[in-house]
Amino acid sequence: MDLKGKTAIVTGGSRGIGYAVAEGLADRGMKLAICSRTESELRAAEKRLAGRTDILAQPTDVSDERQVEAFVGAARKRLGPPYILVNNAGVIGSDDLIEDIAPKDFDEMLAIDLRGTFLMTRAVLAEMKKQRDGYIVNIASYSGKRGMAESSAYCAAKFGMVGFTESLIEEGRPHNVRACSICPPYVATPMTSGDPDVPDEEMLQPEDITKTVLWLLDLSPVSVVKEVVLGRLGQ
């Protein structure tokens with residue numbers, strides 16, 4: 001598919017999976033709007049990407065409705081209507097038993113990973129339906145397909161993303177708006193590096209997720225892929 005000149009919004013786009021996806025979309029000629037809560041990392045990513053495409057980088061907490069609306073509004077004004085939204089922003093959280101999780105930590109996990117996905121989607125969906133064109137890709141996790149001990153908050157958020165995506169597919173279908181959740185295992189990013197359970201060299205690479213997103217975009221416009229579940233050797 002010819003993506004040149006179309007607008008992409010990528011949350012959590014300053015590093016890891018988000019940055020890799022943003023870079024891949026820029027290499028296909030897309031205009032970019034990226035956000036992150038950490039402004040220093042966001043400005044560094046903006047500087048690296050600025051030579052490749054027209055880019056807007058705006059500090060945004062995706063769990064905050066006003067900040068999301070401001071970011072999407074700025075992207076629309078600067079770059080034009082979004083064609084693709086990649087909901088990637090998220091946190092992993094600590095490895096705690098259910099009885100040891102502080103309610104505020106559970107709430108933060110759901111706020112960023114799940115509420116953030118909802119708010120960003122809501123901010124672009126009506127326009128995508130009106131133009132009868134658009135794609136929303138939600139970066140979930142293998143933990144959204146299988147519950148794991150000491151990861152209940154993370155699993156709850158990612159299972160929620162997968163279910164939300166399925167509803168989104170059905171609501172978008174009559175309007176030619178597609179959606180897909182990508183569910184990878186460990187991916188070598190700053191958030192997972194040094195994990196004692198999986199050595200970095202055995203993890204997927206952020207570029208694997210980029211290639212998956214581009215594969216979805218290159219499929220026939222009548223194709224619907226509900227989810228992509230990735231694995232790794234030795235898992």
Applying side-chain hydrogen bond (donor to acceptor under 3.5 Å, both in side chains), run through Arg15 and Ser36 and close with a yes or a no. CA-CA 9 Å; Arg15 63 176 185 167; Ser36 169; over 6 Å; no
Stepwise side-chain contact (heavy atoms from CB on, under 4.5 Å) check, Tyr83 with Leu3: CA-CA 9 Å; Tyr83 170 71; Leu3 300 173; 4.1 Å; yes
Is it the case that one hydrophobic cluster holds both [X] and [Y], taking links as side-chain heavy atoms less than 4.5 Å apart, direct or via other members?
X	Y	value
Met148	Phe159	no
Leu219	Leu230	yes
Tyr142	Val162	no
Tyr135	Val228	yes
Leu110	Leu119	no

To which residues is Ile169 joined in a hydrophobic cluster, defined by side-chain heavy-atom contacts under 4.5 Å among Ile, Leu, Val, Met, Phe, Trp and Tyr, whether direct or through other members?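 Result for Ile169 is Val224.
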Please give me the minimum heavy-atom distance between [X] and [Y], naming the atom from each residue.
X	Y	result
Met120	Asn87	CB-OD1, 3.2 Å
Ala75	Ile9	CB-CD1, 4.3 Å
Leu56	Ala74	CD2-C, 3.7 Å
Met161	Leu114	N-CD1, 3.6 Å
Val187	Pro206	CG1-N, 3.6 Å
Phe118	Phe164	CA-CZ, 3.9 Å

Do [X] side-chain atoms and [Y] backbone N/O form a donor-acceptor pair below 3.5 Å?
X	Y	value
Ser151	Gly147	no
Thr60	Cys35	no
Thr210	Ala20	yes
Gln205	Glu207	no
Thr11	Asn88	yes
Lys158	Ile139	yes
Arg78	Ile55	yes

Euclidean distance, [Y] [atom2] relative to [X] [atom1], rounded to 0.5 Å:
X	Y	atom1	atom2	answer
Arg115	Asp64	CZ	CG	7.5 Å
His175	Leu125	NE2	CG	8.0 Å
Asp113	Ile92	CG	CD1	9.0 Å
Met203	Thr189	CE	OG1	7.5 Å
Arg146	Ser141	CZ	OG	9.5 Å
Leu32	Glu23	CG	CD	10.0 Å

With sequence neighbours excluded, tell me which residues meet side-chain hydrogen bond (donor to acceptor under 3.5 Å, both in side chains) with Lys31.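 None.
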Passing option when Arg28 is tested against Thr53, Asp2, Asp218 for side chain to side chain donor-acceptor pair (under 3.5 Å): Asp218
Please determine whether side-chain contact (heavy atoms from CB on, under 4.5 Å) holds for the pair Val72 and Val124, giving the CA-CA distance in whole Å, both sets of side-chain angles, and the decisive distance to 0.1 Å. CA-CA 7 Å; Val72 173; Val124 305; 4.0 Å; yes
Any side-chain heavy atom of [X] within less than 4.5 Å of one from [Y]?
X	Y	result
Thr165	Val137	no
Leu216	Arg178	no
Leu217	Lys6	no
Thr38	Ser14	no
Gln58	Glu46	no

Under a 4.0 Å threshold between the charged nitrogen and the carboxylate oxygen, would Arg43 count as salt-bridged to Glu39? yes
Presence of salt bridge, Glu170 and Arg173, under 4.0 angstrom: yes
If we count only N and O atoms by modelled type, under 3.5 Å, do the side chains of Thr117 and Asn138 hold a donor and an acceptor together?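 Absent: no donor and acceptor within the cut-off.
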Checking side-chain contact (heavy atoms from CB on, under 4.5 Å) for the pair Tyr19/Leu49: CA distance, chi angles, key distance, verdict? CA-CA 9 Å; Tyr19 178 80; Leu49 291 167; 3.7 Å; yes
Counting neighbours of CZ on Arg132 that are heavy atoms of other residues, nucleotides or ligands and sit closer than 6.0 Å, is the number greater than 12?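 Yes, the 6.0 Å shell around CZ holds more than 12 heavy atoms from other groups.
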Heavy atoms of other groups near Leu97 CG, more than 12 under 6.0 Å: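 Yes - once you tally the heavy atoms of other residues, nucleotides and ligands closer than 6.0 Å, there are more than 12.
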Under the side-chain contact (heavy atoms from CB on, under 4.5 Å) rule, what do Ile112 and Arg37 come out as? Steps first, then yes or no, please. CA-CA 11 Å; Ile112 296 174; Arg37 291 190 297 178; 3.4 Å; yes
